[in-house]
Amino acid sequence: MSADRRRPTAGAYSHAGLVRSVNEDSVLADAPLYAVADGLGGHEAGEVASKLALRALLHNAPRRADAKGLARAARAANAEVIEAAAAGRGREGMGTTLTAAMVQGTTIAIAHVGDSRAYLLEGGKLARITEDHSLVADMVRAGSLDEEGARWHPNRSVITRALGTDPNMVADVYEVTASPGDRLLLCTDGLHGMIDDGEIERLLGSGMDPETTARALVDAALEAGGQDNVSVVVVDLTDADHAIQGARSAARRAAPLLWLLVAAGLVAGAVWATWRYADSRAFLVEEKGLVAVYRGIPGSFAGLTLAWRHAETTIPVDALPAHTASRLRTGIVQEDLESAYEAVARYRSLASRPATP
Ligand code: MN
């Protein structure tokens, strides 16, 4: 097996952001089907809606990159959310956006409802595939608002179409033919509402693998304020071997559903709870004699490392008080990234203070 084939062709990542306590987004990356859903409804009902929608989508997805088949799966997802609310699961009026893509080689079928987006990075240039179903997008189309104004408009989160509200909902469909080496991005508005298309283009085209790119995009949204849940799927488009795809979908029918669902709660159990806990935390640790900032928690749990380097600093550990320096060797846990950076600021002033004679 070549190294290339082992390299993952897709990466997905979802984060609650820095303001919301619940992640109502859901993500699905189960080749050849990829999707993001941004749940609406509050009181955790949005989380129920986005999870149900993606589950129904997967159960009803076509075998091939067929846009009409994918639109039918989106309608099934719509019916599922409406029925669930009527049956008392979640809440009346809950809903979700859906941007789903079926990828077959360089052929992409997309079904789309709401203000999540699909983008294509073509030869290093970013092109948006989907049109938002939102109040501000209508205003932009009518010429009464520009893109930049839309990003800051107080009603920017009002969407005009969603799953879960209208039994006759129709998804927009797109069929795109890309080239090998192009990249597909699916994201919720927690990404494109926080960073602009130029920054998305830069990170998507910076040569990192899909997983690292997904993380980097989410990190950029968090650094820009992380006002909303943020979810990202990055897919590298290749001249896929159809035999491999066929084998993969056969495996999918035979095996338990191989979900990569990065949504809170769907994967129950201690590992997930720990992962989610870790994801909101931060710690400081010595690395090559300098203070480094990590997201996560130090050490490992059940063989899992739950730490992601966020930043290096130029602060020498040796310049800090002895008890701080010794704690930094195993890691000093912080409430969150913000507290970690506050600690870094304190260390910086401690380190720059001249030694008392
Ligand atoms: Mn959102």
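Whatever order the structure lists them in is the order used to number ligands and atoms, beginning at 1.
Taking the Mn ion (ligand 1) as reference, the nearest N/O/S atom within D189 carries the name OD1.
Around the Mn ion (ligand 1), the angle linking D228 (OD2) with D38 (OD2) is 170°, rounded to 10 degrees.
The two residues L337 and Y294 make their nearest non-hydrogen contact at CD2-O, 4.4 Å. Heavy-atom minimum distance, A137 versus D132: CB-O, 3.4 Å.
When distances to the Mn ion (ligand 1) are checked against a cut-off of 2.8 Å, E24 contributes no N, O or S atom below that limit.
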Original post:
Run the side chain to side chain donor-acceptor pair (under 3.5 Å) check on T96 and S50 step by step: do they pass?
Top reply: CA-CA 5 Å; T96 183; S50 66; 4.9 Å; no
Original post:
Going through the distances and angles, do L191 and L185 end up as a side-chain contact (heavy atoms from CB on, under 4.5 Å)?
Top reply: CA-CA 11 Å; L191 183 78; L185 168 69; 4.2 Å; yes
